[in-house]
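First the structure, in the form of C-alpha coordinates, and then the observations on it.
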Protein chains: 2
Amino acid sequence: MGLDYYKNHKHVLVALDCIIFGFDKNELKLLLIKRDFEPEMGKWSLMGGFLQSNESLDEGAGRILNNLTGLKNIYLEQLHSFGEVNRDPVERTISVAYYSLIDIHSHDKELVKQNSASWFSLNEIPDLIFDHEKMVNSALKMLRSKASHQPVGFELLPEKFTLPELQKLYEGIYSTSLDKRNFRRRILAMDVLIKTEEKEKKYSKKGAFLYKFDQKKYKEKVTNGDSLVFKPL
Amino acid sequence: MGLDYYKNHKHVLVALDCIIFGFDKNELKLLLIKRDFEPEMGKWSLMGGFLQSNESLDEGAGRILNNLTGLKNIYLEQLHSFGEVNRDPVERTISVAYYSLIDIHSHDKELVKQNSASWFSLNEIPDLIFDHEKMVNSALKMLRSKASHQPVGFELLPEKFTLPELQKLYEGIYSTSLDKRNFRRRILAMDVLIKTEEKEKKYSKKGAFLYKFDQKKYKEKVTNGDSLVFKPL
DNA sequence: ATAATTAAATGTTATTTTAACACTTAAAAA
DNA sequence: TTTTTAAGTGTTAAAATAACATTTAATTAT
(Lines give C-alpha, C1' and ligand atoms only; values in the text may rest on other atoms or scores of the structure.)
Protein backbone atom coordinates (compact mmCIF):
# COMPACT_ATOMS: atom_id res chain seq x y z
CA MET A 1 0.00 0.00 0.00
CA GLY A 2 1.01 3.62 -0.06
CA LEU A 3 -0.12 6.97 -1.33
CA ASP A 4 -1.35 5.72 -4.63
CA TYR A 5 -3.38 3.15 -2.80
CA TYR A 6 -5.98 5.89 -2.72
CA LYS A 7 -5.98 6.24 -6.51
CA ASN A 8 -6.84 2.61 -7.06
CA HIS A 9 -10.24 2.95 -5.49
CA LYS A 10 -13.43 3.99 -7.02
CA HIS A 11 -14.65 7.45 -6.20
CA VAL A 12 -18.37 7.81 -5.76
CA LEU A 13 -20.93 10.56 -5.67
CA VAL A 14 -22.08 11.58 -2.22
CA ALA A 15 -25.61 12.88 -1.93
CA LEU A 16 -27.13 14.65 1.04
CA ASP A 17 -30.84 14.17 1.64
CA CYS A 18 -32.89 16.05 4.22
CA ILE A 19 -35.91 14.77 6.06
CA ILE A 20 -37.55 18.02 7.11
CA PHE A 21 -40.15 17.85 9.86
CA GLY A 22 -42.66 20.54 10.69
CA PHE A 23 -45.73 20.72 12.90
CA ASP A 24 -48.97 22.32 11.82
CA LYS A 25 -52.62 22.03 12.75
CA ASN A 26 -51.85 19.38 15.34
CA GLU A 27 -50.06 17.24 12.82
CA LEU A 28 -46.48 16.29 12.20
CA LYS A 29 -45.56 17.05 8.61
CA LEU A 30 -42.81 16.46 6.12
CA LEU A 31 -41.51 18.78 3.42
CA LEU A 32 -41.11 17.03 0.07
CA ILE A 33 -40.21 18.28 -3.38
CA LYS A 34 -41.60 17.38 -6.75
CA ARG A 35 -38.64 16.61 -8.97
CA ASP A 36 -38.41 18.76 -12.07
CA PHE A 37 -35.34 16.92 -13.27
CA GLU A 38 -34.31 13.42 -14.22
CA PRO A 39 -34.20 10.72 -13.07
CA GLU A 40 -37.70 10.22 -11.74
CA MET A 41 -38.90 13.62 -12.93
CA GLY A 42 -42.33 14.47 -11.60
CA LYS A 43 -42.05 12.14 -8.64
CA TRP A 44 -41.82 13.20 -5.04
CA SER A 45 -38.58 13.01 -3.13
CA LEU A 46 -36.70 14.39 -0.19
CA MET A 47 -34.84 17.61 -0.72
CA GLY A 48 -31.29 16.68 -1.59
CA GLY A 49 -28.14 17.57 -3.43
CA PHE A 50 -24.56 16.55 -3.88
CA LEU A 51 -21.67 17.12 -1.54
CA GLN A 52 -19.39 19.89 -2.76
CA SER A 53 -15.65 19.78 -2.37
CA ASN A 54 -15.43 22.81 -0.11
CA GLU A 55 -17.93 21.71 2.51
CA SER A 56 -18.25 19.11 5.24
CA LEU A 57 -21.23 16.77 5.31
CA ASP A 58 -22.93 18.88 7.98
CA GLU A 59 -22.31 22.06 6.03
CA GLY A 60 -23.64 20.51 2.86
CA ALA A 61 -26.82 19.42 4.57
CA GLY A 62 -27.21 22.91 6.04
CA ARG A 63 -26.76 24.44 2.59
CA ILE A 64 -29.40 22.20 1.07
CA LEU A 65 -31.84 22.92 3.87
CA ASN A 66 -31.18 26.63 3.43
CA ASN A 67 -31.73 26.41 -0.33
CA LEU A 68 -35.21 25.12 0.23
CA THR A 69 -36.35 27.02 3.29
CA GLY A 70 -34.18 30.12 3.50
CA LEU A 71 -33.48 29.18 7.11
CA LYS A 72 -30.11 29.11 8.84
CA ASN A 73 -28.95 27.65 12.14
CA ILE A 74 -31.65 25.09 12.20
CA TYR A 75 -31.78 21.89 14.20
CA LEU A 76 -30.19 19.41 11.85
CA GLU A 77 -28.71 16.04 12.69
CA GLN A 78 -27.15 13.30 10.71
CA LEU A 79 -29.41 10.28 10.57
CA HIS A 80 -27.72 7.50 8.64
CA SER A 81 -25.87 6.82 5.42
CA PHE A 82 -27.54 4.75 2.77
CA GLY A 83 -25.33 2.86 0.39
CA GLU A 84 -26.99 0.00 -1.43
CA VAL A 85 -25.18 -0.55 -4.71
CA ASN A 86 -28.13 0.23 -6.97
CA ARG A 87 -30.03 2.69 -4.84
CA ASP A 88 -29.60 5.37 -7.51
CA PRO A 89 -30.24 4.00 -11.01
CA VAL A 90 -28.06 6.57 -12.74
CA GLU A 91 -24.81 6.05 -10.95
CA ARG A 92 -23.40 4.64 -7.75
CA THR A 93 -24.24 7.23 -5.14
CA ILE A 94 -24.21 7.00 -1.42
CA SER A 95 -26.55 9.26 0.46
CA VAL A 96 -25.94 10.72 3.87
CA ALA A 97 -29.37 11.50 5.27
CA TYR A 98 -30.05 14.29 7.74
CA TYR A 99 -33.20 15.12 9.61
CA SER A 100 -34.24 18.57 10.53
CA LEU A 101 -36.86 20.11 12.80
CA ILE A 102 -38.19 23.50 11.81
CA ASP A 103 -40.91 25.88 12.84
CA ILE A 104 -43.22 25.38 9.93
CA HIS A 105 -44.35 28.99 9.88
CA SER A 106 -40.90 30.51 9.74
CA HIS A 107 -39.67 29.30 6.38
CA ASP A 108 -39.57 31.18 3.10
CA LYS A 109 -42.73 30.18 1.27
CA GLU A 110 -41.51 31.66 -1.99
CA LEU A 111 -38.45 29.42 -2.05
CA VAL A 112 -40.56 26.41 -1.25
CA LYS A 113 -42.82 27.24 -4.15
CA GLN A 114 -39.87 27.68 -6.49
CA ASN A 115 -38.70 24.21 -5.57
CA SER A 116 -42.20 22.84 -6.10
CA ALA A 117 -42.19 21.59 -2.55
CA SER A 118 -45.10 20.91 -0.25
CA TRP A 119 -45.86 19.75 3.22
CA PHE A 120 -47.39 16.32 3.73
CA SER A 121 -48.99 14.82 6.80
CA LEU A 122 -47.21 11.69 7.89
CA ASN A 123 -50.12 9.50 6.93
CA GLU A 124 -50.47 11.02 3.47
CA ILE A 125 -46.94 10.67 2.22
CA PRO A 126 -46.83 9.92 -1.51
CA ASP A 127 -44.59 7.32 -3.11
CA LEU A 128 -41.03 8.51 -2.96
CA ILE A 129 -38.08 7.89 -5.26
CA PHE A 130 -35.19 5.55 -4.58
CA ASP A 131 -34.89 4.54 -0.92
CA HIS A 132 -36.38 7.77 0.41
CA GLU A 133 -39.26 6.02 2.12
CA LYS A 134 -36.76 4.00 4.12
CA MET A 135 -35.07 7.24 5.08
CA VAL A 136 -38.32 8.79 6.24
CA ASN A 137 -39.21 5.78 8.37
CA SER A 138 -35.79 5.78 9.88
CA ALA A 139 -36.00 9.50 10.64
CA LEU A 140 -39.35 9.12 12.31
CA LYS A 141 -38.01 6.38 14.51
CA MET A 142 -35.05 8.55 15.38
CA LEU A 143 -37.25 11.54 16.16
CA ARG A 144 -39.32 9.43 18.54
CA SER A 145 -36.28 8.11 20.26
CA LYS A 146 -34.68 11.56 20.48
CA ALA A 147 -37.80 13.23 21.80
CA SER A 148 -38.01 10.80 24.68
CA HIS A 149 -34.69 11.80 26.14
CA GLN A 150 -34.04 15.28 24.86
CA PRO A 151 -36.36 18.25 24.59
CA VAL A 152 -36.21 18.48 20.80
CA GLY A 153 -39.91 19.17 20.42
CA PHE A 154 -39.41 22.88 20.97
CA GLU A 155 -37.55 23.11 17.67
CA LEU A 156 -40.81 22.44 15.90
CA LEU A 157 -42.71 25.24 17.60
CA PRO A 158 -42.49 29.02 17.43
CA GLU A 159 -40.60 30.85 20.16
CA LYS A 160 -43.70 31.07 22.32
CA PHE A 161 -46.17 28.23 22.59
CA THR A 162 -48.83 26.94 24.95
CA LEU A 163 -48.75 23.74 26.90
CA PRO A 164 -51.75 22.34 25.04
CA GLU A 165 -49.90 22.97 21.77
CA LEU A 166 -46.81 21.27 23.10
CA GLN A 167 -48.88 18.31 24.20
CA LYS A 168 -50.46 18.04 20.75
CA LEU A 169 -46.98 18.02 19.28
CA TYR A 170 -45.85 15.14 21.46
CA GLU A 171 -49.06 13.31 20.70
CA GLY A 172 -48.26 13.79 17.03
CA ILE A 173 -44.73 12.53 17.38
CA TYR A 174 -45.81 9.41 19.23
CA SER A 175 -49.17 8.94 17.50
CA THR A 176 -50.87 8.57 20.83
CA SER A 177 -52.90 10.59 23.25
CA LEU A 178 -51.59 11.73 26.59
CA ASP A 179 -53.15 12.60 29.92
CA LYS A 180 -53.17 16.38 30.28
CA ARG A 181 -52.35 16.43 33.98
CA ASN A 182 -49.53 13.93 33.77
CA PHE A 183 -48.13 15.61 30.68
CA ARG A 184 -48.03 19.05 32.28
CA ARG A 185 -46.50 17.76 35.47
CA ARG A 186 -43.73 15.96 33.62
CA ILE A 187 -42.87 18.63 31.13
CA LEU A 188 -42.77 21.28 33.85
CA ALA A 189 -40.68 18.99 36.04
CA MET A 190 -37.93 19.18 33.43
CA ASP A 191 -37.61 22.76 34.52
CA VAL A 192 -36.66 24.22 31.15
CA LEU A 193 -39.82 26.24 30.47
CA ILE A 194 -40.41 29.89 31.21
CA LYS A 195 -44.01 30.95 31.69
CA THR A 196 -44.87 34.33 30.20
CA GLU A 197 -47.79 36.52 31.23
CA GLU A 198 -49.26 36.43 27.73
CA LYS A 199 -52.10 34.25 26.67
CA GLU A 200 -52.89 32.66 23.35
CA LYS A 201 -56.64 32.87 22.79
CA LYS A 202 -56.82 31.30 19.37
CA TYR A 203 -58.11 28.00 20.62
CA SER A 204 -60.27 28.89 23.58
CA LYS A 205 -62.17 31.61 25.31
CA LYS A 206 -60.13 31.32 28.43
CA GLY A 207 -56.85 31.33 26.56
CA ALA A 208 -53.71 29.40 27.46
CA PHE A 209 -50.54 30.89 28.85
CA LEU A 210 -47.59 31.11 26.51
CA TYR A 211 -44.30 29.55 27.50
CA LYS A 212 -40.76 29.88 26.20
CA PHE A 213 -38.05 27.27 26.12
CA ASP A 214 -35.21 28.19 28.47
CA GLN A 215 -32.14 27.58 26.29
CA LYS A 216 -29.78 28.78 29.00
CA LYS A 217 -31.14 26.54 31.73
CA TYR A 218 -31.22 23.66 29.30
CA LYS A 219 -27.56 24.07 28.40
CA GLU A 220 -26.66 24.31 32.08
CA LYS A 221 -28.41 21.03 32.70
CA VAL A 222 -26.61 19.40 29.81
CA THR A 223 -23.28 20.69 31.10
CA ASN A 224 -24.01 19.45 34.61
CA GLY A 225 -24.90 16.08 33.19
CA ASP A 226 -28.39 16.38 34.67
CA SER A 227 -30.71 13.82 33.24
CA LEU A 228 -33.22 15.30 30.83
CA VAL A 229 -35.21 12.21 30.17
CA PHE A 230 -38.66 13.08 29.07
CA LYS A 231 -40.98 10.16 28.70
CA PRO A 232 -44.30 11.48 27.57
CA LEU A 233 -45.76 7.97 27.50
CA MET B 1 -30.62 19.83 -14.26
CA GLY B 2 -30.77 16.42 -15.86
CA LEU B 3 -28.76 13.29 -16.22
CA ASP B 4 -25.46 15.05 -16.69
CA TYR B 5 -26.14 16.97 -13.50
CA TYR B 6 -24.51 13.98 -11.88
CA LYS B 7 -21.31 14.41 -13.88
CA ASN B 8 -20.78 17.95 -12.73
CA HIS B 9 -20.21 16.92 -9.17
CA LYS B 10 -17.08 15.87 -7.49
CA HIS B 11 -16.74 12.19 -6.73
CA VAL B 12 -15.06 11.36 -3.47
CA LEU B 13 -13.44 8.39 -1.84
CA VAL B 14 -15.59 6.60 0.71
CA ALA B 15 -13.77 4.89 3.54
CA LEU B 16 -15.22 2.41 6.00
CA ASP B 17 -13.76 2.37 9.50
CA CYS B 18 -14.58 -0.18 12.16
CA ILE B 19 -14.61 0.38 15.88
CA ILE B 20 -14.23 -3.17 17.16
CA PHE B 21 -15.12 -3.82 20.78
CA GLY B 22 -14.14 -6.87 22.77
CA PHE B 23 -14.28 -7.80 26.43
CA ASP B 24 -11.44 -9.49 28.26
CA LYS B 25 -10.25 -9.77 31.85
CA ASN B 26 -13.12 -7.63 33.05
CA GLU B 27 -12.25 -4.84 30.68
CA LEU B 28 -13.80 -3.42 27.57
CA LYS B 29 -11.22 -3.37 24.79
CA LEU B 30 -10.72 -1.99 21.32
CA LEU B 31 -8.92 -3.60 18.40
CA LEU B 32 -6.54 -1.18 16.67
CA ILE B 33 -4.03 -1.61 13.89
CA LYS B 34 -0.58 -0.22 13.47
CA ARG B 35 -0.44 1.27 10.03
CA ASP B 36 2.28 -0.18 7.79
CA PHE B 37 1.39 2.19 4.99
CA GLU B 38 1.24 5.90 4.34
CA PRO B 39 -0.09 8.28 5.36
CA GLU B 40 0.66 8.15 9.07
CA MET B 41 2.68 4.94 8.77
CA GLY B 42 3.55 3.51 12.16
CA LYS B 43 0.68 5.20 13.92
CA TRP B 44 -2.35 3.49 15.37
CA SER B 45 -5.70 3.63 13.71
CA LEU B 46 -9.01 1.90 13.38
CA MET B 47 -9.24 -0.93 10.91
CA GLY B 48 -10.53 0.54 7.70
CA GLY B 49 -10.62 0.36 3.94
CA PHE B 50 -12.32 1.84 0.94
CA LEU B 51 -15.76 1.10 -0.36
CA GLN B 52 -15.70 -1.09 -3.44
CA SER B 53 -18.06 -0.66 -6.33
CA ASN B 54 -19.75 -4.03 -5.96
CA GLU B 55 -20.67 -3.76 -2.30
CA SER B 56 -23.05 -1.80 -0.10
CA LEU B 57 -21.76 0.14 2.88
CA ASP B 58 -22.82 -2.61 5.26
CA GLU B 59 -21.19 -5.26 3.12
CA GLY B 60 -17.98 -3.26 2.88
CA ALA B 61 -17.80 -2.87 6.62
CA GLY B 62 -18.42 -6.61 7.02
CA ARG B 63 -15.63 -7.37 4.57
CA ILE B 64 -13.18 -5.16 6.42
CA LEU B 65 -14.12 -6.69 9.75
CA ASN B 66 -13.70 -10.14 8.25
CA ASN B 67 -10.30 -9.25 6.81
CA LEU B 68 -9.02 -8.46 10.25
CA THR B 69 -10.73 -11.04 12.41
CA GLY B 70 -11.73 -13.87 10.11
CA LEU B 71 -15.22 -13.59 11.58
CA LYS B 72 -18.49 -13.51 9.70
CA ASN B 73 -22.04 -12.64 10.72
CA ILE B 74 -20.89 -10.44 13.50
CA TYR B 75 -22.82 -7.73 15.26
CA LEU B 76 -22.02 -4.67 13.21
CA GLU B 77 -23.90 -1.40 13.06
CA GLN B 78 -23.40 1.83 11.28
CA LEU B 79 -22.39 4.57 13.68
CA HIS B 80 -22.00 7.84 11.81
CA SER B 81 -20.40 9.32 8.75
CA PHE B 82 -17.51 11.68 9.18
CA GLY B 83 -16.92 14.21 6.47
CA GLU B 84 -14.82 17.19 7.48
CA VAL B 85 -13.14 18.58 4.39
CA ASN B 86 -9.59 17.94 5.51
CA ARG B 87 -10.06 14.91 7.72
CA ASP B 88 -7.78 12.90 5.46
CA PRO B 89 -4.65 14.86 4.44
CA VAL B 90 -4.12 12.94 1.23
CA GLU B 91 -7.43 13.41 -0.45
CA ARG B 92 -11.03 14.30 0.30
CA THR B 93 -12.45 11.18 1.86
CA ILE B 94 -15.59 10.67 3.80
CA SER B 95 -15.62 7.85 6.27
CA VAL B 96 -18.64 5.82 7.24
CA ALA B 97 -17.86 4.42 10.67
CA TYR B 98 -19.24 1.13 11.96
CA TYR B 99 -18.99 -0.37 15.39
CA SER B 100 -18.82 -4.02 16.06
CA LEU B 101 -19.10 -6.25 19.11
CA ILE B 102 -17.18 -9.50 19.04
CA ASP B 103 -16.28 -12.32 21.37
CA ILE B 104 -12.66 -11.48 21.89
CA HIS B 105 -11.61 -15.12 22.09
CA SER B 106 -13.20 -16.20 18.86
CA HIS B 107 -11.24 -14.22 16.33
CA ASP B 108 -8.36 -15.38 14.17
CA LYS B 109 -5.22 -14.40 16.05
CA GLU B 110 -3.01 -15.07 13.05
CA LEU B 111 -4.87 -12.54 10.91
CA VAL B 112 -4.71 -10.01 13.67
CA LYS B 113 -0.97 -10.48 13.90
CA GLN B 114 -0.57 -10.12 10.13
CA ASN B 115 -2.37 -6.78 10.32
CA SER B 116 -0.17 -5.72 13.26
CA ALA B 117 -3.27 -5.21 15.31
CA SER B 118 -3.67 -5.31 19.08
CA TRP B 119 -6.29 -4.96 21.72
CA PHE B 120 -6.25 -1.89 23.95
CA SER B 121 -8.10 -1.19 27.16
CA LEU B 122 -10.31 1.84 26.85
CA ASN B 123 -8.16 3.85 29.21
CA GLU B 124 -4.94 3.02 27.41
CA ILE B 125 -5.85 3.98 23.90
CA PRO B 126 -2.90 5.47 22.02
CA ASP B 127 -3.08 8.55 19.83
CA LEU B 128 -5.01 7.71 16.71
CA ILE B 129 -4.78 9.11 13.20
CA PHE B 130 -7.18 11.55 11.61
CA ASP B 131 -10.48 11.83 13.43
CA HIS B 132 -10.43 8.26 14.73
CA GLU B 133 -10.47 9.32 18.35
CA LYS B 134 -13.72 11.16 17.72
CA MET B 135 -15.08 7.99 16.15
CA VAL B 136 -14.11 5.91 19.16
CA ASN B 137 -15.74 8.32 21.59
CA SER B 138 -18.84 8.39 19.53
CA ALA B 139 -18.95 4.60 19.36
CA LEU B 140 -18.55 4.28 23.10
CA LYS B 141 -21.42 6.66 23.66
CA MET B 142 -23.51 4.68 21.22
CA LEU B 143 -22.63 1.38 22.87
CA ARG B 144 -23.73 2.72 26.25
CA SER B 145 -26.95 3.99 24.85
CA LYS B 146 -27.62 0.77 22.96
CA ALA B 147 -26.83 -1.46 25.91
CA SER B 148 -29.38 0.31 28.06
CA HIS B 149 -32.30 -0.61 25.86
CA GLN B 150 -31.18 -3.67 23.96
CA PRO B 151 -29.35 -6.75 25.17
CA VAL B 152 -26.27 -6.20 23.04
CA GLY B 153 -23.86 -7.17 25.77
CA PHE B 154 -24.15 -10.84 24.92
CA GLU B 155 -22.41 -10.20 21.62
CA LEU B 156 -19.23 -9.55 23.55
CA LEU B 157 -19.30 -12.83 25.46
CA PRO B 158 -18.85 -16.44 24.45
CA GLU B 159 -21.93 -18.56 23.91
CA LYS B 160 -22.01 -19.55 27.56
CA PHE B 161 -21.24 -17.10 30.33
CA THR B 162 -21.89 -16.61 34.01
CA LEU B 163 -23.93 -13.86 35.59
CA PRO B 164 -20.90 -12.45 37.42
CA GLU B 165 -19.12 -12.21 34.05
CA LEU B 166 -22.10 -10.48 32.49
CA GLN B 167 -22.22 -8.06 35.37
CA LYS B 168 -18.54 -7.26 34.96
CA LEU B 169 -19.21 -6.57 31.31
CA TYR B 170 -21.97 -4.09 32.07
CA GLU B 171 -19.79 -2.51 34.70
CA GLY B 172 -17.11 -2.14 32.03
CA ILE B 173 -19.48 -0.61 29.53
CA TYR B 174 -20.78 1.94 32.01
CA SER B 175 -17.56 2.40 34.01
CA THR B 176 -19.46 1.89 37.22
CA SER B 177 -20.14 -0.80 39.78
CA LEU B 178 -23.48 -2.44 40.17
CA ASP B 179 -25.31 -4.13 43.01
CA LYS B 180 -25.17 -7.88 42.46
CA ARG B 181 -28.68 -8.60 43.69
CA ASN B 182 -30.34 -5.83 41.73
CA PHE B 183 -28.34 -6.68 38.62
CA ARG B 184 -29.34 -10.33 38.69
CA ARG B 185 -32.97 -9.56 39.32
CA ARG B 186 -33.13 -7.15 36.42
CA ILE B 187 -31.22 -9.16 33.90
CA LEU B 188 -33.23 -12.27 34.68
CA ALA B 189 -36.46 -10.27 34.53
CA MET B 190 -35.75 -9.61 30.85
CA ASP B 191 -36.44 -13.30 30.43
CA VAL B 192 -33.96 -13.93 27.61
CA LEU B 193 -31.46 -16.09 29.49
CA ILE B 194 -31.32 -19.87 29.64
CA LYS B 195 -29.66 -21.38 32.68
CA THR B 196 -27.56 -24.44 31.96
CA GLU B 197 -26.57 -27.09 34.50
CA GLU B 198 -22.87 -26.45 33.93
CA LYS B 199 -20.68 -24.39 36.17
CA GLU B 200 -17.68 -22.26 35.42
CA LYS B 201 -15.14 -22.74 38.22
CA LYS B 202 -12.38 -20.52 36.89
CA TYR B 203 -13.12 -17.70 39.28
CA SER B 204 -14.29 -19.39 42.44
CA LYS B 205 -14.37 -22.60 44.38
CA LYS B 206 -18.11 -22.76 44.35
CA GLY B 207 -18.37 -22.04 40.65
CA ALA B 208 -21.04 -20.01 38.90
CA PHE B 209 -23.75 -21.40 36.69
CA LEU B 210 -23.38 -20.86 32.96
CA TYR B 211 -26.17 -19.18 31.03
CA LYS B 212 -26.97 -18.88 27.36
CA PHE B 213 -28.69 -16.03 25.57
CA ASP B 214 -32.07 -17.09 24.24
CA GLN B 215 -31.99 -15.73 20.67
CA LYS B 216 -35.39 -17.20 19.87
CA LYS B 217 -37.18 -15.71 22.83
CA TYR B 218 -35.45 -12.43 22.23
CA LYS B 219 -36.63 -12.24 18.63
CA GLU B 220 -40.15 -13.12 19.73
CA LYS B 221 -40.10 -10.25 22.16
CA VAL B 222 -38.84 -7.88 19.50
CA THR B 223 -41.57 -9.05 17.11
CA ASN B 224 -44.23 -8.62 19.77
CA GLY B 225 -42.95 -5.14 20.44
CA ASP B 226 -42.27 -6.09 24.08
CA SER B 227 -40.11 -3.55 25.78
CA LEU B 228 -36.59 -4.78 26.33
CA VAL B 229 -35.30 -1.86 28.27
CA PHE B 230 -32.41 -2.85 30.42
CA LYS B 231 -31.20 -0.20 32.76
CA PRO B 232 -28.31 -1.63 34.69
CA LEU B 233 -27.85 1.63 36.56
C1' DA C 1 -11.69 -35.01 59.28
C1' DT C 2 -12.28 -30.30 60.23
C1' DA C 3 -11.80 -25.55 59.68
C1' DA C 4 -10.96 -21.72 56.83
C1' DT C 5 -11.49 -19.41 52.62
C1' DT C 6 -13.67 -17.65 48.53
C1' DA C 7 -16.99 -16.07 45.51
C1' DA C 8 -21.99 -17.31 44.26
C1' DA C 9 -26.55 -17.06 45.38
C1' DT C 10 -30.57 -15.28 47.52
C1' DG C 11 -35.06 -11.61 49.78
C1' DT C 12 -36.93 -7.74 52.19
C1' DT C 13 -38.25 -3.07 52.73
C1' DA C 14 -38.51 1.84 52.42
C1' DT C 15 -38.62 5.24 48.89
C1' DT C 16 -39.63 7.01 44.54
C1' DT C 17 -41.99 7.03 40.34
C1' DT C 18 -45.76 6.28 37.62
C1' DA C 19 -50.52 5.98 35.92
C1' DA C 20 -55.24 6.62 36.52
C1' DC C 21 -58.73 9.54 37.39
C1' DA C 22 -62.74 14.39 37.71
C1' DC C 23 -63.69 18.80 39.05
C1' DT C 24 -63.00 23.96 38.94
C1' DT C 25 -61.86 28.22 36.52
C1' DA C 26 -61.47 31.99 33.20
C1' DA C 27 -63.23 34.25 29.46
C1' DA C 28 -66.17 34.89 25.55
C1' DA C 29 -70.60 34.18 23.38
C1' DA C 30 -75.39 33.61 23.59
C1' DT D 1 -76.78 36.18 33.63
C1' DT D 2 -76.39 31.84 31.66
C1' DT D 3 -74.07 28.88 28.64
C1' DT D 4 -70.14 27.21 26.38
C1' DT D 5 -65.39 25.96 25.73
C1' DA D 6 -60.96 24.63 26.62
C1' DA D 7 -57.39 25.57 30.43
C1' DG D 8 -55.86 24.53 34.62
C1' DT D 9 -55.27 21.87 38.88
C1' DG D 10 -54.37 17.25 43.10
C1' DT D 11 -54.89 12.82 45.02
C1' DT D 12 -54.08 8.08 45.40
C1' DA D 13 -53.17 3.31 44.49
C1' DA D 14 -49.84 0.54 42.17
C1' DA D 15 -45.42 -0.36 40.34
C1' DA D 16 -40.55 0.25 40.04
C1' DT D 17 -36.42 1.18 42.12
C1' DA D 18 -32.47 1.34 45.31
C1' DA D 19 -30.40 0.08 49.43
C1' DC D 20 -28.91 -3.38 52.17
C1' DA D 21 -26.50 -8.64 54.78
C1' DT D 22 -26.59 -13.40 55.23
C1' DT D 23 -26.26 -18.12 53.64
C1' DT D 24 -24.39 -21.64 50.52
C1' DA D 25 -21.31 -24.59 47.79
C1' DA D 26 -17.01 -26.03 46.90
C1' DT D 27 -12.04 -25.98 47.41
C1' DT D 28 -7.86 -25.46 50.18
C1' DA D 29 -5.27 -25.60 54.28
C1' DT D 30 -4.56 -27.53 58.80
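Letters A, B, ... mirror the listed sequences (proteins, then strands); counts begin at 1.
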In whole angstrom, what separates A/Phe183's CZ from C/dT18's P?
15 Å

In whole angstrom, what separates B/Arg186's CZ from C/dT10's P?
18 Å

Phosphate contact (D/dT27 OP1 or OP2) by B/Lys201 side-chain N/O below 4.0 Å
yes

Given D/dG8, is OP1 or OP2 found less than 4.0 Å from the side-chain N or O atoms of A/Arg184?
yes

B/Asp131 side-chain N/O to B/Lys134 backbone N/O, donor-acceptor pair under 3.5 Å:
no

Taken to the nearest whole Å, CZ/A/Phe209 to C1'/C/dT25 is 11 Å

Quick one: A/Asn182 CG to D/dT9 P, roughly how many Å, whole number?
14 Å

Could you tell me how far apart B/Leu193 (CG) and C/dA9 (C1') are, to the nearest whole angstrom?
16 Å

Comparing nearest nucleotides in DNA chain C, the 5'-proximal residue of the pair B/Lys205, B/Leu163 is B/Lys205

What is the distance from CZ of A/Arg181 to C1' of D/dA6, rounded to the nearest Å?
14 Å

Do A/Phe230 and A/Tyr170 have their ring centres less than 6.0 Å from each other?
yes

Are B/Phe82 and B/Phe130 close enough that their ring centres sit under 6.0 Å apart?
no

Would you say the base of D/dT24 and the side-chain of B/Lys206 have a donor-acceptor pair closer than 3.5 Å?
yes

Euclidean distance, atom CG of residue B/Leu166 to atom P of C/dA9 [Å, nearest integer]:
12 Å

Could you state the OH-P distance from B/Tyr211 to C/dA9, rounded to the nearest angstrom?
6 Å

Is the side chain of B/Gln150 donor-acceptor paired with the backbone N or O of B/Val152 at a distance under 3.5 Å, no angle test?
no

Any Lys/Arg nitrogen of B/Asp214 or B/Lys216 sitting under 4.0 Å from an Asp/Glu carboxylate oxygen of the other?
no

Answer yes or no: does a side-chain N or O of A/Arg185 lie under 4.0 Å from OP1 or OP2 of D/dG8?
no

Do B/Lys180 and C/dA9 share a donor-acceptor pair, side chain to base, under 3.5 Å?
yes

Within the structure shown, what part of the strands sits under 4.0 Å from A/Lys199 by heavy-atom distance: base, sugar-phosphate, or nothing?
sugar-phosphate

